[in-house]
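These values consider heavy atoms only, across backbone and side chains, with no hydrogens, waters or symmetry-generated copies. Just so we're on the same page: letters track the sequence lines, and every chain starts at 1.
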There are 2 protein chains.
Amino acid sequence: MAPYTDQQPGEPGVTLADRVFTRLRNAIVEGEIPAGSKISEPELAAEYGISRGPLRDAMGRLEACHLVERRANVGARVVSLSQEDLLELYILREALEGMAARLAAERITEKELNHLRRLLKQHEQRGELQEGIAYFQKEGDLDFHFRIVQASGNQRLVQLLCNDLYHLMRMYRYQFGMASARALIAFREHGHIVEAIADRDPEMAELIMRRHIRSSRVNVEMLFDARDSLTRRSDPDLSEAG
Amino acid sequence: MAPYTDQQPGEPGVTLADRVFTRLRNAIVEGEIPAGSKISEPELAAEYGISRGPLRDAMGRLEACHLVERRANVGARVVSLSQEDLLELYILREALEGMAARLAAERITEKELNHLRRLLKQHEQRGELQEGIAYFQKEGDLDFHFRIVQASGNQRLVQLLCNDLYHLMRMYRYQFGMASARALIAFREHGHIVEAIADRDPEMAELIMRRHIRSSRVNVEMLFDARDSLTRRSDPDLSEAG
DNA sequence: TCGGATCCGATTGTTAACAATATCAGGTTA
DNA sequence: TAACCTGATATTGTTAACAATCGGATCCGA
């Protein structure tokens, strides 16, 4: 299981609300509860065999990590992912992970560095890259980014990226299924990032990390544009309807 | 009232939990409820004239913005601010607001630009700067940063900075009372930032904003170091005790 | 036929009582 | 004396019932 998912599914997790929160988050991220769908409190409570109290608690936390949206006296819905929002996420990651790479280059330990190298080697040997799909879908990519952020030593950075943003990224991947020819390129860029960090070159590490994430964003942007023009061609209504 | 506080104190705010959340957040940020103090649910509930349900809801939200920390079956405490944590916050701001300045330089409207210029002029005319204290304490500083972030047009950036980080910054200011000789310098730097944005120079805008925030951080760091060496001299225990 | 008011049903927000857990004081034993 | 166990107490987590609000269907009038 990915290191940034803070709990095994079966693991206790002190309180009822804790456990339900973790289960719900997984269910939402992996699409088991569809994006944009309404969530009924009594229904879900019954399904999980608890009362509405702890469920509402869990819902509150899900709202805090932007996985559900609530309106008073109306109810909660799973967030519906938009292209614009995904692009905004990439902007945030560019800023935050760029800084994380810089800090990592300053403070990383030899042990963490070796972890990183081993991770890259694993990715290489698994032969996942040639197939293209796996690197993104199996979240080897996020694993890598996660370790860099941890190496930054900035707890607030770790917390923000790993508790909120990465789960959202995972959700987008499950929903949009982002496989692309960039897998191999991305893998090579990861190598360059590790090199810069190993060289203790903060400037370079930040620069490459930012370029890396920006390239991902541009790639996604192009995919969206392509898809948009396709759907527009097959749904001619959209281009004229008033 | 500062534009990033999303609600007037007396304003309804649809639900009980909403109102209590806002009131509690203010009380904590302004130090009315002291940092590090334990929070008793029954006690607070009685004080605010509500039951524990909505109070717990509010507490959950406060936990989400890192203003209180909870441990299951033990209780909640107001966060206790540490120097390390404040420095971490500055790192985050450097990354995020640097990016915000870059985006603002790309997309700001003339209207927003005029707002910014007017704000600076107000700060100048009020003569708050000469006294040094006011610019930070009265939050003219945060008002300025807030507008830049808004001009970035990135909703996620806005949300993250204005709902969480700025409230924490305010809390630090109330608690540590950060007045410094940097007020006048900071004001001039704000001017340079607006210039870069007005020139539509994203690279420069980000550079200056980052340098601006980093200078604040270094300044705070020096203040801490000075204070530490002082207390160490007057509390000789600390330097030897095992 | 269309627009709007009104009622009904369902859902959410709130409350108060109940259960489970941790803290702390006191006593016991090595 | 110190460490450990034990029980009382208070606090939190959980539950189920109650109140308030919203959305939609129905009915009425123009």
query = Taking atom CD of B:E32 as the centre, does the number of heavy atoms from other residues, nucleotides or ligands within less than 6.0 Å exceed 12?
reply = no
message = The criterion is side chain to side chain contact (heavy atoms under 4.5 Å, CB included); which residues satisfy it with A:E221, sequence neighbours excluded?
response = A:L87, A:R217, A:V218
inquiry  = With a 6.0 Å cut-off (strictly less than), is the heavy-atom count around CZ of A:R156, excluding the residue itself, greater than 12?
reply    = yes
request  = For the pair A:E112 (side chain) and A:T109 (backbone), establish whether a donor and an acceptor sit closer than 3.5 Å, ignoring hydrogens and angles.
outcome  = yes
task = Mind calculating the distance between NZ (B:K38) and P (C:dA22) to the nearest angstrom?
result = 14 Å
ask   = In residues 62-71 of chain A, which residues come under 4.0 Å of DNA chain C by heavy atom?
value = none
inquiry  = Going 5' to 3' along DNA chain D, between which two nucleotides do contacts with chain A fall, using a heavy-atom cut-off of 4.0 Å?
reply    = D:dG13 to D:dG23
For residues 69-77 of chain B, run the donor-acceptor check on the side chains, cut-off 3.5 Å, and write out each pair with its distance to 0.1 Å, sequence neighbours left out.
| unit_1 | atom_1 | unit_2 | atom_2 | d |
| --- | --- | --- | --- | --- |
| B:R77 | NE | B:G36 | O | 3.3 |
| B:R77 | NH2 | B:G36 | O | 3.2 |

key: Neighbours of DNA chain D within residues 45-58 of chain B, by heavy-atom distance under 4.0 Å   = B:R52, B:R56
task = Hey, could you give me the CG/CZ distance between B:L113 and B:R118, rounded to the nearest 0.5 Å?
result = 11.0 Å
query = Can A:H190 and A:D141 be counted as having a side-chain donor-acceptor contact under 3.5 angstrom?
reply = yes
request  = Step through the shown structure and confirm whether more than 12 heavy atoms of other residues, nucleotides or ligands are within 6.0 Å of NZ on B:K111.
outcome  = no
query = Does any N or O in the side chain of A:Y172 come within less than 3.5 Å of the main-chain N or O of A:H167, such that one atom is a donor and the other an acceptor?
reply = no
ring-ring contact (aromatic ring centres under 6.0 Å, His included) partners for A:F224, two or more places apart = A:F176
